[in-house]
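These notes are about the structure you will find just below.
Everything numeric in this text was worked out from a predicted model, so none of it was measured. Just the heavy atoms: all of them, side chains too, but no hydrogens, waters or symmetry mates, feed the values below.
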Amino acid sequence: MKINLYVVRHGQTHDNLRGILQGHQDSPLTALGVQGSANTGKALAGIKFSVVFSSDLGRAKDTLCQIGYKTADKFDQRLRERDWGAWQVNLGRVQKCIEII
């Protein structure tokens with residue numbers, strides 16, 4: 001049996017623009033993130049999905065909605081980005097780490 005797997009990342013968020021490492025923290029989609037998600041929906045419009053999984057974070061749910069799905073078959077926190085602990089939402093530390101690397 002052939003299985004096609006499609007993986008879609010959430011649209012651009014306000015924290016993405018600010019260079020903030022989000023991890024499990026949530027941030028709303030920007031206008032560009034909404035538009036990009038809608039464009040992804042158009043590109044996937046002809047595909048019939050048998051099941052849809054999503055992270056439980058708002059940015060993933062909003063992306064899913066913009067793609068054209070009211071809900072997922074399963075929301076699962078294990079599909080979240082990595083939990084970065086103290087590094088999350090701390091722009092200065094992330095920038096310093098990037099400078100070191």
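- Counting only residues at least two apart or on different chains, the salt bridge (Lys or Arg N to Asp or Glu O under 4.0 Å) pairs with a member in residues 20-38 are D26-R59.
- Legend: salt bridge (Lys or Arg N to Asp or Glu O under 4.0 Å) pairs involving residues 35-45, not counting sequence neighbours: none detected.
- Salt-bridge formation is detected for the pair D56/R80: a Lys NZ or Arg NE/NH1/NH2 atom is positioned less than 4.0 Å from an Asp or Glu carboxylate oxygen.
- Follow the hydrophobic side-chain contacts under 4.5 Å out from V8 and you never reach L79; the two are in separate clusters.
- A search for salt bridge (Lys or Arg N to Asp or Glu O under 4.0 Å) contacts involving D73 returns nothing, not counting sequence neighbours.
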Could you go through residues 27-35 and list every donor-acceptor pair under 3.5 Å that involves a side-chain atom there, pairing it with any protein atom two or more places apart or in another chain?
from : atom 1 : to  : atom 2 : distance (Å)
S27  : OG     : H14 : N      : 3.4
S27  : OG     : D15 : N      : 3.0
T30  : OG1    : Q12 : O      : 3.4
T30  : OG1    : Q12 : OE1    : 2.7
T30  : OG1    : L32 : N      : 3.3
T30  : OG1    : G33 : N      : 3.0
Q35  : NE2    : N39 : OD1    : 2.9

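- Between the side chain of T63 and the backbone N or O of G11 there is at least one donor-acceptor pair closer than 3.5 Å.
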Side-chain donor-acceptor pairs of residues 48-55 under 3.5 Å, sequence neighbours excluded:
from : atom 1 : to  : atom 2 : distance (Å)
S55  : OG     : L57 : N      : 3.1

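- Taking T13 as the reference, N16, Q22 meet the side chain to side chain donor-acceptor pair (under 3.5 Å) condition, with sequence neighbours excluded.
- Qualifying salt bridge (Lys or Arg N to Asp or Glu O under 4.0 Å) partners for D62, counting only residues two or more places apart in sequence or in other chains: none.
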For this session: Go through the steps for R9 and E81 under the test side-chain contact (heavy atoms from CB on, under 4.5 Å), then give the verdict.
Result: CA-CA 10 Å; R9 185 176 187 268; E81 293 180 37; 4.0 Å; yes
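- Counting Ile, Leu, Val, Met, Phe, Trp and Tyr side chains that sit under 4.5 Å apart, directly or through other members, V7 shares a hydrophobic cluster with L5.
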